[in-house]
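So the structure is just underneath, and the comments pick up after that.
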Amino acid sequence: MDILKTASQLAERAGLEARFAVTLLQAGGAGMALTPPHRLLATLRDLENYGPAGAAISLAAACFPDRPAIVDELGSLTFAELDRRTDALTNALRERGVQAGDGMGILARNHRGLFESIFAGAKLGARTLLLNTDFAGPQLADVCDREDVTVLVHDEEFTDVAKSVEPSSGKYVAWFDGERPSSDETTLEALIEKGATSRPARPASKQRIILLTSGTTGTPKGAPRDMAISLALPGGYLSKIPLRSGRTAVLAAPAFHAWGLLSSTLALGLGNTLVVARKADPKFTLDALEQHSADVLITVPILLSRLLELGEDRIRERDLGSLRIVAVSGSALSPELATRTMDLLGDVVYNLYGSTEVAYAAIATPQDLRAAPGTVGRPPVGTRIKLFDDDGKPVPAGESGRIFVGSSMQFEGYTGGGSKEVLDGLMSTGDLGHFDDSGLLFVDGRDDDMIVSGGENVFPAEVEDLLTRLDGVAEAAVVGVDDEKYGKRLRAYIVRGSGAGLDEDDVKSYVKSNLARYKVPRDVVFVDELPRNPAGKVVKRELPDPDGD
C-alpha cells in the first residue's frame, strides 16, 4: 500500500508540474517561442546548475538580451548585461573564498546591486540571507551570527550598522549615496569589474534563500527555503496573477521581504523591465507608472493608500492606460482601499495572502474583490487550505477557524530551531479565518490578536476595516489594553486625513452605529502616523501609551 501511495503522490506531483509548465509557457508568450532552441537548452542547464533564481535571469537574457532588465537611479541594465555582471560577481566572490553553502548577507534597498547579489548567490549556491534595512547594529550582529554570515553586501548608508559585523570573507558596498571611490576595492562594482565573465562552475549545492519573519512581535526569525527545481512557486502565482513577458513592472515594495522578492524575481524571469527606487514613495510610483507605460505595479497596501491620497484629479490626469495589474500583499488590504483603487484605476487589483513560512496561501482576483471586497480569494493551483478549531478538528462550513495551508512551498523550520504547527500535513499561518458560501476566504485576524472584552471576543481587524471607511480617517489601528472591569478594553489609534476635524465622539458614534456595543473603542488616540515595518505592517508594540504606563 505504501508503494501505491507513493506512486500516486508522484503522479499527482508530475501532473501539477505539467500544469505549472503550461502556465509559464502562456506567460512567456512570443518571447520564449521566438528564442532559438539552443539558448533555451542552455537555460535548462542553468536551471539544473543554479536552481530557479539563477535560471530566471538566464532565461530572460536568452529571450530578451537587449531589453532593459533593471531601471534604477543609475540608469538601466539590459538582461544580457545583468547576466554577465552576475557571472563576474560570482567568480570574484569565489576567488575571495566564498563557497557553496556559505552565508551571504544582503543589507540593501531596491537597486541593481541587490538583485545582482541575489542572482550571484544562486550561481554560488550560497545561503542567501535578506536583511531588514531597519536593523540596528546589535540586531544585525545577532542575526548574522545566528545565520553564520561569511560575506556581507550592504549599502553605504548602513556602514555604521554594518560595523557590528566582521564576516570572514569581507564586506562590500553595493550602493553609494555620492560618487563611488575609484580606488576602493571593497565595493560590489570593483568585484564585478575584476571578475571573470565566464559561466561559473556548478556549485556543490543549490542556493537556499533565508527570509526573515516580519518581526512585528520581536526579533525576526530566519525562514529558509530550499530552491528546489520545481515550478510550483511561479506556476501557482501565475495561475492567478497574469504577468506576461516583455512588459514593464514598477516595484514599490521592499525586495528583501518575501512578497517583493517573489514578484520581482518572477517579473524579471519573464523578461519584464523592473523599475525600482531605493525609497519608493507615491510620487516616484505615479511618475514611474506613466513614464514607463507600466503594465504592473507591485506594492503594499500602505503605499497604495498613500498613492491614492495624492488625489483623484492628480491621478486621472496621468496616462496610466497600460496598467493592467496592481498586485498587493505584505499586510492586510482593507475592503475600502480595494474598492477605491478599482473605482479609480479599473478592475486591476490582485491581493495575495500568505506568510514567510507558508509562501502564498490564497490570491484574490479583481472579480473576487468586486464580489466580496474583504476577501483574500481562493488558493491557487497546487495549494490547499483547511480551517481547524483549537482541538485540531475541522470547523463547519461558514465558521471561523485557524487557517492551515498545504503546498510544496512551505519553509523547512526556523534556522534557530522550531517551526509552525502542522495538522494533517498543512502548516499554520497563525491567522483565523472563514470561507463564505462561494468558497472565498476571509482573514478574521491573528489567532493571538483576539481581544476578550467583558467576555466578548473582538477581532481588531474588523474594527480597523470599519474605521478606514469613516470620512476623515486616513489610517487606523486597534489594540486591547488592560482594564480592571472588562479584562481588556479597546483602544483605537487614528491618523486623521488632511484637513479632517474628526474627534473622539465622531469615532465612537460611527463604530456604535455599525457594530455591536462591545466593539466600540473606549479610548481613541489621535496620532500623526502609525509605526510600520518596511513591509507596511503596523508594529503595534510601538504605538504610544497615552497613560505613560
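Here, residue 1 is the first one in the sequence, and each next residue gets the next number.
Closest approach of Ala53 to Ala122, counting heavy atoms only: CB-CB, 3.9 Å. Heavy atoms only, all atoms of each residue included: Pro380 and Ser239 are closest at CB-OG, 3.7 Å. The two residues Asp46 and Ala55 come nearest to each other via the heavy atoms C-CB, 4.1 Å. Among all heavy-atom pairs drawn from Ala136 and Val161, the shortest one is C-CG1, 3.8 Å. Phe119 and Ile57 get closest at one heavy-atom pair: CE1-CD1, 4.1 Å. Considering every non-hydrogen atom in both Asp102 and Gly97, the closest pair reads OD2-O, 3.6 Å.
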Take Arg316 and Glu312 through the salt bridge (Lys or Arg N to Asp or Glu O under 4.0 Å) test and state the conclusion after the steps. CA-CA 6 Å; Arg316 287 194 185 280; Glu312 182 175 336; 2.8 Å; yes

Phe115 vs Leu251, test: side chain to side chain contact (heavy atoms under 4.5 Å, CB included). Steps then yes/no. CA-CA 12 Å; Phe115 293 98; Leu251 178 64; 4.0 Å; yes

Full working for side chain to side chain contact (heavy atoms under 4.5 Å, CB included) between Val358 and Met427: CA-CA 7 Å; Val358 305; Met427 182 173 287; 3.9 Å; yes

Using side chain to side chain contact (heavy atoms under 4.5 Å, CB included), reason through Leu297 and Ile325 one step at a time and then give a plain yes or no. CA-CA 6 Å; Leu297 171 61; Ile325 295 170; over 6 Å; no

Residues Ile363, Asn351; criterion side chain to side chain contact (heavy atoms under 4.5 Å, CB included); working and verdict: CA-CA 6 Å; Ile363 301 174; Asn351 181 29; over 6 Å; no

What do the steps show when you test Asp142 against Arg146 for salt bridge (Lys or Arg N to Asp or Glu O under 4.0 Å), and what is the final call? CA-CA 6 Å; Asp142 287 346; Arg146 185 188 70 202; over 6 Å; no

Side chain to side chain donor-acceptor pair (under 3.5 Å) for Thr429 and Tyr353? Distances and angles first, verdict last. CA-CA 10 Å; Thr429 65; Tyr353 162 66; 2.9 Å; yes

Does Glu157 form a salt bridge (Lys or Arg N to Asp or Glu O under 4.0 Å) with Arg278? I'd like the steps, not just the answer. CA-CA 11 Å; Glu157 66 176 292; Arg278 288 174 296 159; 5.0 Å; no

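A side-chain donor-acceptor contact under 3.5 Å links Thr213 to the backbone of Lys221. In this structure, Thr265 contributes its side chain and Leu261 its backbone to a donor-acceptor pair below 3.5 Å. In terms of modelled atom types and a separation under 3.5 Å, the side chain of Arg127 and the main chain of Gly101 share a donor-acceptor contact. A distance-only check finds a donor-acceptor pair linking the side chain of Glu290 to the backbone of Asp319 [under 3.5 Å]. For the pair Tyr50 (side chain) and Pro200 (backbone), a donor-acceptor distance under 3.5 Å is present. Between the side chain of Thr383 and the main chain of Pro379, no donor-acceptor pair closer than 3.5 Å is present. A donor-acceptor pair is defined here as one N or O able to donate and one able to accept, closer than 3.5 Å; such a pair exists between the side chain of Asn272 and the backbone of Arg244. The main-chain N or O of Val276 is never found under 3.5 Å from a side-chain atom of Asp72 such that the two would form a donor-acceptor pair. Checking side-chain atoms of Trp259 against main-chain N and O of Thr299 turns up a donor-acceptor pair under 3.5 Å. Looking at Glu48, its side chain never comes within 3.5 Å of a backbone N or O of Arg45 through a donor-acceptor pair.
Using a 4.5 Å cut-off on side-chain heavy atoms (C-beta onward), Val143 and Leu129 make contact. Between Asp295 and Arg324, some side-chain heavy-atom pair lies under the 4.5 Å cut-off. Side chains of Cys144 and Leu131 form a contact here, defined as non-hydrogen atoms less than 4.5 Å apart. Residues Leu212 and Phe256 fail the side-chain proximity criterion, which asks for heavy atoms closer than 4.5 Å. At a threshold of 4.5 Å between non-hydrogen side-chain atoms, the residues Pro301 and Leu337 count as touching. Side-chain contact between Ser76 and Val71: present, with at least one pair of heavy atoms (C-beta onward) separated by less than 4.5 Å. Side chains of Val328 and Leu352 form no contact here, defined as non-hydrogen atoms less than 4.5 Å apart. Proximity of Ser329 to Val300: side-chain heavy atoms (C-beta onward) are nowhere separated by under 4.5 Å.
Remark: Asp87 engages Lys123, Arg199 in a side-chain hydrogen bond (donor to acceptor under 3.5 Å, both in side chains) (not counting sequence neighbours). In this structure, the side-chain contact (heavy atoms from CB on, under 4.5 Å) partners of Asp368, at least two apart in sequence or on a different chain, are Ala364, Thr365, Thr375, Arg378, Leu440. Remark: Phe411 pairs with Tyr414 by the ring pair (Phe, Tyr, Trp, His ring centres under 6.0 Å) rule, at least two apart or across chains. When the side-chain contact (heavy atoms from CB on, under 4.5 Å) test is applied to Val348, the partners found at least two apart in sequence or on another chain are Val326, Leu345. Listed by chain and residue number, Asp343, Asp347 satisfy the side-chain hydrogen bond (donor to acceptor under 3.5 Å, both in side chains) test with Arg370 (two or more places apart in sequence, or in another chain). With sequence neighbours excluded, no residue forms a side-chain hydrogen bond (donor to acceptor under 3.5 Å, both in side chains) with Ser305. Every side-chain hydrogen bond (donor to acceptor under 3.5 Å, both in side chains) that Thr128 has, sequence neighbours left out, goes to Gln207. In this structure, the side-chain contact (heavy atoms from CB on, under 4.5 Å) partners of Arg384, at least two apart in sequence or on a different chain, are Lys386, Leu426. Under the side-chain contact (heavy atoms from CB on, under 4.5 Å) criterion, Ala62 pairs with Thr35, Arg39, Thr43, not counting sequence neighbours.
Each side chain to side chain donor-acceptor pair (under 3.5 Å) pair with one or both residues in residues 92-101, not counting sequence neighbours, would appear here, but there are none. For the ring pair (Phe, Tyr, Trp, His ring centres under 6.0 Å) condition, no pair includes a residue of residues 233-252, sequence neighbours left out.
Annotation: the span from Ile106 atom CD1 to Ile210 atom CD1 amounts to 11.0 Å, rounded to 0.5 Å. In this structure, CD1 on Ile118 lies 4.0 Å from CG on Leu114, to the nearest 0.5 angstrom.
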Can you give each donor-acceptor pair under 3.5 Å made by side-chain atoms of residues 148-156, sequence neighbours left out, with the distance rounded to 0.1 Å?
from	atom 1	to	atom 2	distance (Å)
Thr150	OG1	Gly103	O	3.1
Asp155	OD1	His111	NE2	2.8
Asp155	OD2	Arg109	N	2.9
Asp155	OD2	His111	NE2	3.3
Glu156	OE1	Asp177	N	2.9

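Residue Val296 forms a side chain to side chain contact (heavy atoms under 4.5 Å, CB included) with just one option from Leu243, Val250, Leu274, Val275, and that option is Leu243.
Between the side chains of Tyr360 and Ser407, not a single donor N or O lies within less than 3.5 Å of an accepting N or O.
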